[in-house]
Amino acid sequence: MREDELTEQIQPVRGMNDVLPAEIAAWHIIETAAREVLTAYGYQEMRVPLVERTELFQRAIGEYTDVVEKEMYTFVDQGGESLTLRPEGTAGVMRALISNGMLRGQRHKLWCTGPMFRHERPQKGRYRQFHQVSVEAVGFPGPDIDIELIALTARLWKRLGIERVRLEINSLGTPESRRAYREKLVEYLRAHHDELDADSRRRLEGNPLRVLDSKNPDMRALIEAAPVLTDHLDGESREHFQGLCAALEALGIPFRVNPRLVRGLDYYSRTVFEWITDALGAQDAVCSGGRYDGLIGQLGGESTPGIGFAMGIERLVALLTQAGAPAAEPTADVYIVVSGERASAYGLQLAERLRDALPERRVELNLGGGNFKTQFRRADRSGAAVAVILGEDELARGVAAVKPLRHDAGQSESPLPDLAAAIQTALATAVHT
RNA sequence: GUGGACGUAGCUCAGCUGGUAGAGUCCCGGGUUGUGAUCCCGGUUGUCGUGGGUUCGAGUCCCAUCGUCCACCCCA
């Protein structure tokens, strides 16, 4: 290392962000709303490790997906094992259900939140460390559970006041019917190989279904004439999907069937859905998921149907902030201004006594000295509605002054034993004005 | 991994065809020797991202490098 590198300012890791106090209000709103809505639907929170064996993700997500091929934070630990920082939540939760013997014909409605890691180039709404709320339901063959999950998300948006999202759904069918469709599609695309752009030719080899996703306008006619997945569903999947569509209509949840909606992870089957927005630039998926009936069996557990989705907290925060930034929460209800050595020392006791008497109020004591002007400025910045003033003069007389900061009512004095009650009164009137 | 734009005070930014670094905000002090937010006055803050080159002289031009943002790819 060069010497001047030592003095260079330390930098965060690319794509890993700090959430500052000024931004935390939006996170709290989202986390609280999600927890309450999920609880209201009977979902239980669980927590799983951030790190799992690399093999788990390879098997769950699929060897030939972008996530596994080039986006995982993988390292070898001191025991020589290959471990990976989780790039998504479902695999770890499914592993936990298997490890803890929770399957045996049982049903679970679960959710989990925390950071995920993917080594991609950061851009708007996409970070290397990002946060998801991930929701899973296992043991339910559906489609009623599919509908419940979508209704739950719709309720959450309503609760958060998020309006710029719309729902797209599709069915991928069973792995068998998808394989059959895939062959037809490849056949069609090969027949038109000359008309494909470079991107699509590459996708044709890796994941042909993604050719349908091309944004190139020159490809549109070709894509529209291609065989449609929905027309090739097996009977049961078709019925499942029709049940889903009918129920969404009955619930009044608007949706669009997007036959080209193909999820990036291999484990999906039948229902897939995505809430997308036009408000966040290129990263438009706010919440997405689908059914993964084969996954648990594939991981070595007792074959159990499953469905789940993940929502990106950073993207929801961005939507919420765009709709009108939630203000930073004030830090205090009461700010105690002290002057003089004796009053400053006594202030510590007074603050503790007030915290005993008013446990639901935030009581902030001026620390680090400062003249009255400075202290009142701090009181104002703290957001406190009331200042308590304790100077040598008040202390000598056994009183403290109570001054409302948010309206023009004059300040009054209160004997120290009655101070808590006087503060409550002042705070109560502050609310009314 | 590929492409484009941008890095000047803690923060937001100005700085013309190269000629000695600016504003607002924040913070501190004063006006108000014990009363905030408003107003007035004063003050501090810079390796101009980093390294090299051209030049009498570079924040400005050139090259490299690091970083950020946006987009592609992919996805939450």
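Quick note: numbers below take in every heavy atom, side chains included, and nothing from hydrogens, waters or symmetry partners. In what follows, chains carry the letters A, B, and so on, assigned in the order in which the sequence lines appear, proteins first and then strands, with residues in each chain numbered from 1. Owing to the predicted nature of the structure, the values given are computational and were not obtained by experimental measurement.
When the options A:Glu148, A:His108, A:Arg35 are evaluated for a side chain to side chain donor-acceptor pair (under 3.5 Å) with A:Tyr43, the one that passes is A:Glu148. When A:Thr153, A:Leu152, A:Leu160 are each tested for a side-chain contact (heavy atoms from CB on, under 4.5 Å) with A:Val37, only one passes: A:Leu152. Checking A:Arg86, A:Arg95, A:Arg59 one by one against A:Glu52, the salt bridge (charged side-chain N to carboxylate O under 4.0 Å, His left out) holds for a single residue, A:Arg95.
Between the side chains of A:Tyr292 and A:Glu136, at least one donor-acceptor pair of N or O atoms lies under 3.5 Å. A donor-acceptor pair shorter than 3.5 Å can be found between the side chains of A:Thr74 and A:Thr84.
Looking at which nucleotide of RNA chain B each of A:Cys287 and A:His119 is closest to, the 5′-most match is held by A:His119.
Regarding A:Lys70, its NZ atom lies at a distance of 11 Å from the P atom of B:G1, rounded to whole Å. Counting to the nearest Å, the P atom of B:A76 and the CG atom of A:Leu319 are 16 Å from each other. Taking atom CZ on A:Arg121 and atom P on B:C73, their separation rounds to 14 Å, with Å as the unit. Separating the CG atom of A:Leu20 from the C1' atom of B:C11 is a distance of 12 Å, rounded to the nearest angstrom. Atom CD of A:Glu314 and atom P of B:C75 are 18 Å apart (whole Å).
Remark: the A:Arg118 side chain and the B:C74 base include no donor-acceptor N/O pair separated by less than 3.5 Å. One N or O donor and one acceptor, one from the side chain of A:Arg315 and one from the base of B:C75, sit under 3.5 Å apart.
The separation of B:G18 from B:G30, taken at their C1' atoms, amounts to 42 Å, rounded to a whole angstrom. Separating the P atom of B:C48 from that of B:G29 is a span of 31 Å, rounded to the nearest Å. B:G57 and B:C69 have their P atoms separated by 37 Å, given to the nearest Å. Between B:U12 and B:G52, the distance separating the two C1' atoms is 31 Å to the nearest Å.
At least one donor-acceptor pair closer than 3.5 Å links the side chain of A:Arg362 to the backbone N or O of A:Pro330.
Residue-level contact check: A:Gly281 touches the backbone only, with heavy atoms under 4.0 Å from sugar-phosphate atoms and none from bases. Residue-level contact check: A:Asn366 touches neither bases nor backbone, having no heavy atom under 4.0 Å from any strand.
Under a cut-off of 6.0 angstrom, the local environment of CZ in A:Arg397 is crowded, with over 12 non-hydrogen atoms contributed by other residues, nucleotides or ligands.
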Annotated protein contacts, base or backbone, on nucleotides 30-42 of chain B with a non-hydrogen cut-off under 4.0 Å, one of B, S, - each | SB--BBBS-----
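For B:A71, one of the phosphate oxygens OP1 or OP2 lies less than 4.0 angstrom from a side-chain nitrogen or oxygen of A:Gln123. Here A:Arg14 reaches the OP1 or OP2 of B:U68: one of its side-chain N or O atoms lies under 4.0 Å away.
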Assess whether side chain to side chain contact (heavy atoms under 4.5 Å, CB included) is satisfied between A:Ile276 and A:Glu168, documenting all intermediate values.
-> CA-CA 8 Å; A:Ile276 59 181; A:Glu168 297 199 340; 3.6 Å; yes
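Stretches of at least 3 consecutive Watson-Crick or G-U wobble pairs, with each checked distance under 3.5 Å, appear in RNA chain B as B:1-7 with B:66-72, B:10-13 with B:22-25, B:27-31 with B:39-43, B:49-53 with B:61-65.
Pairing each heavy atom of A:Ser344 with each of A:Gly340, the nearest pair is OG-O, 2.8 Å.
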